[in-house]
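Notes follow the structure.
Because only heavy atoms are used, hydrogens play no part in the values below, and waters and symmetry mates are left out as well, while side chains stay in. Chain naming here is simple, since letters A, B, ... match the order of the sequence lines and numbering starts at 1 in each.
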Protein chains: 2
Amino acid sequence: MLIRTPVAENGTRCSTCALGQICLPVGIAAEDATRMDALVSERVRIPRGKLLYRQGDPLTTVYGVRFGTLKTVLTLQDGRSQITGFHLPGEIVGLDGLGKMAHVSDAIALEDSEACVLRFDELQELARELPSLQIQIMRLMSNEISRDHDMLVMLGAMRAEERLAAFLLNLSQRMSTRGYSATEFLLRMSREEIGSYLGLKLETVSRLFSRFAESGFIQVKQRQVKLVDMDALRQLVGSRC
Amino acid sequence: MLIRTPVAENGTRCSTCALGQICLPVGIAAEDATRMDALVSERVRIPRGKLLYRQGDPLTTVYGVRFGTLKTVLTLQDGRSQITGFHLPGEIVGLDGLGKMAHVSDAIALEDSEACVLRFDELQELARELPSLQIQIMRLMSNEISRDHDMLVMLGAMRAEERLAAFLLNLSQRMSTRGYSATEFLLRMSREEIGSYLGLKLETVSRLFSRFAESGFIQVKQRQVKLVDMDALRQLVGSRC
DNA sequence: CGACGTCTTGAGACACATCAACAAACGTGG
DNA sequence: CCACGTTTGTTGATGTGTCTCAAGACGTCG
């Protein structure tokens, strides 16, 4: 259904990828990185709104986001759903399903996106030979656990205002790591999706945007946001995250 | 501060541990499991209320709970805190700090407990030689991510009643895997701790217990609970988790 | 026995949800 | 390019689930 394209002989792979300092190759020596190139033999394009994988699908591959943005969504039987993450270039998605060898969430593109396909068995195999890769995989998973715990704090202990401020600051930080402006960016997700992620309703999110704008913390025009007073936002959060 | 005891030459180790089918050795062949014995050269006792590790501590070891119950807590600068997990025997704690090589939460004993000390570098080393151990570590981490996502759904999309029902069912299931009764058990945590975990106040938790008891779903006497009508609880949750 | 921590229960407050109307932006096909 | 329907976002009025504050009961342990 999705278009899978083999990577050209001389195409960009891990060892030459611009995301090298964010993605899987972090901390891996140049000579080892070339061995990782064999991992990425194909990529998938995911048009906006389409699913990369679906809850329950057998898991044989995980994915590295190459460009675009994905969301991962967990759906309850009664139809209620929760977005568990927004995924930017350089992030690995699908790791949550490794334990069951089946995907436990849906992954959906928020804009036209592309992902590197990583066969899990090959990844496993190579990790055995490259200790630094093994460490990096564990580090990535550990960081995801740690991020999830931060989210638990947000949902469990913060008020709506604090959650949105933390969300904006977190996004800002991630955009900036990827070479984009830390203060001005385009939200790829709707108010409803932000709400789902933060455990709020879209109306609440919308009101908060308006309130933040009135207070002069941010400027908003549709999905284009500009963080004007990051310190004020930080003060709202009061702390880490 | 905590008492660390070397494991006796002929003491119980991984290959002979009763928790073998829950803990690290899952899926590892008998002859390989004996090699894991070398990993567990000491154990720690954590008396009730004491910390096993603290947010910010450098991470050189992770821990396998041997008996007792631990909670992991994330604290914000303003003092608010969130319990990110309750940990029963056979569970590995500390994995969330691997990425930063420092602990990102406090681990505190809810009752007198004991944990196996696993040096991370040794674990890493052995995982390289035993592919099945490498897989098992990844599986454990993946399961933790997946559990955290389930928690996100609870905190983001469920009402108080549903959260408590899901909590009780989850605890029931975990007790039963460990050979305890699935319907009758002692809560090792206070109402306030349950509340912190579920993103609720202790009064709300207390009221819900009373309400569930009135409805005949459960019987409660202090921390002793008996699940009388599990189907009713499942219906409350309406779904998975 | 008294002192302390834990739990229960009630009354009232408040943050966020719900319901509803409208406005703005977007996409599509003529 | 415009007209149209659809999706997405804004804002207001009202409702409600959970929190807050408070008092008292229970259980535990010195």
Side-chain angles (χ1 to χ4, degrees), chain A residues 47-50 69 71 78-83 108-112 154-168 186-215 218-225 236 238, chain B residues 47-49 71 78-83 108 110-112 154-168 186-215 218-225 236:
Chain A
R48 173 166 196 214
K50 290 279 179 282
T69 314
K71 65 173 173 180
D78 61 9
R80 280 181 299 180
S81 67
Q82 172 76 22
I83 293 180
I108 300 170
L110 296 180
E111 58 182 318
D112 292 353
M154 276 182 63
L155 297 185
M158 289 188 176
R159 290 175 309 105
E161 207 178 51
E162 304 173 287
R163 292 184 208 177
L164 187 64
F167 170 73
L168 288 172
L186 190 67
L187 299 171
R188 308 305 333 199
M189 63 295 286
S190 69
R191 303 289 190 260
E192 181 167 26
E193 285 165 330
I194 297 173
S196 166
Y197 184 59
L198 299 178
L200 303 169
K201 292 289 144 182
L202 74 293
E203 294 97 325
T204 306
V205 174
S206 178
R207 276 183 242 273
L208 286 171
F209 269 118
S210 305
R211 186 129 57 89
F212 282 4
E214 265 176 55
S215 309
I218 65 174
Q219 286 169 19
V220 207
K221 205 186 339 166
Q222 292 296 116
R223 297 190 177 183
Q224 184 71 41
V225 292
L236 266 185
Chain B
R48 175 168 192 209
K71 64 173 174 181
D78 61 10
R80 278 180 299 181
S81 67
Q82 172 76 22
I83 293 180
I108 300 171
L110 295 181
E111 58 181 319
D112 293 352
M154 275 182 63
L155 296 186
M158 289 187 174
R159 290 173 310 105
E161 205 177 52
E162 304 174 287
R163 292 185 208 178
L164 187 65
F167 170 72
L168 289 172
L186 190 67
L187 299 171
R188 313 288 358 186
M189 63 296 284
S190 68
R191 302 289 189 260
E192 181 167 23
E193 285 165 331
I194 297 173
S196 166
Y197 183 59
L198 298 178
L200 303 169
K201 292 289 143 178
L202 72 295
E203 294 96 326
T204 306
V205 174
S206 177
R207 277 183 244 273
L208 286 170
F209 270 118
S210 304
R211 186 129 56 89
F212 283 4
E214 264 176 59
S215 309
I218 65 174
Q219 286 170 18
V220 206
K221 204 183 347 164
Q222 291 297 115
R223 297 191 179 181
Q224 184 71 40
V225 292
L236 266 183

Donor-acceptor under 3.5 Å (B:D112 side chain, B:P47 main chain): no
Contact summary for B:T204 and B:A160, nearest pair of heavy atoms: CG2-CB, 4.2 Å
Sugar-phosphate, base or nothing in reach of A:S190, heavy atoms under 4.0 Å: sugar-phosphate
B:F167: partners by ring pair (Phe, Tyr, Trp, His ring centres under 6.0 Å), with sequence neighbours left out: B:Y197
Touch class at under 4.0 angstrom, heavy-atom based, for B:R163 against every strand present: nothing
Integer-rounded Å distance: C:dC16 P and A:L164 CG: 11 Å
Sugar-phosphate, base or nothing in reach of A:R207, heavy atoms under 4.0 Å: base
Partners passing side chain to side chain contact (heavy atoms under 4.5 Å, CB included) against A:A109 (at least two apart in sequence or in another chain): A:I46, A:L70, A:S113
Nearest-angstrom distance from the residue atom CD of B:E192 to C1' of C:dC4: 15 Å
B:S196 versus B:I83, closest heavy-atom pair with distance: OG-N, 2.9 Å
Residue pairs, two or more places apart or on separate chains, that pass salt bridge (Lys or Arg N to Asp or Glu O under 4.0 Å) and touch residues 194-208 of chain B: none
Estimated bend of the helix from C:dC1-D:dG30 to C:dG30-D:dC1 (axis per five terminal pairs, rounded to 10 degrees): 40°
Heavy-atom closest pair, residues B:S81 and A:A157: O-CB, 4.4 Å
Touch class at under 4.0 angstrom, heavy-atom based, for A:R223 against every strand present: sugar-phosphate
Any residue meeting side chain to side chain contact (heavy atoms under 4.5 Å, CB included) with A:S210, in chain and number order, not counting sequence neighbours: none
Nearest heavy atoms of B:V220 and B:A213, plus distance in Å: CG2-CB, 4.2 Å
Set of residues satisfying salt bridge (Lys or Arg N to Asp or Glu O under 4.0 Å) with respect to B:K71, sequence neighbours excluded: B:E193
Any residue meeting salt bridge (Lys or Arg N to Asp or Glu O under 4.0 Å) with B:R188, in chain and number order, not counting sequence neighbours: B:E111
Heavy-atom contact window of chain B on DNA chain D, given 5' to 3' at under 4.0 Å: D:dT18 to D:dG27
Atom-to-atom span, CG of A:L155 to C1' of C:dC16 - whole angstrom: 14 Å
Non-hydrogen atoms of A:V205 and A:I194 that approach each other most closely: CG1-CG2, 4.0 Å
Residue pairs involving residues 158-168 of chain A (criterion salt bridge (Lys or Arg N to Asp or Glu O under 4.0 Å); sequence neighbours excluded): A:R159-A:E161, A:R159-A:E162, A:E161-A:R211, A:E162-B:R80
Can you tabulate the close N/O pairs, meaning under 3.5 Å, that link protein atoms to atoms of nucleotides 23-29 of chain C?
none

Minimal non-hydrogen separation, A:L187 against A:F209, with atom names: CD1-CZ, 3.8 Å
Sugar-phosphate, base or nothing in reach of B:S206, heavy atoms under 4.0 Å: base
Within residues 194-204 of chain B, residues whose heavy atoms come under 4.0 Å of DNA chain D: B:G199, B:L200, B:K201, B:E203, B:T204
For atom CD of A:E161 and atom C1' of C:dC16, their distance in whole Å: 12 Å
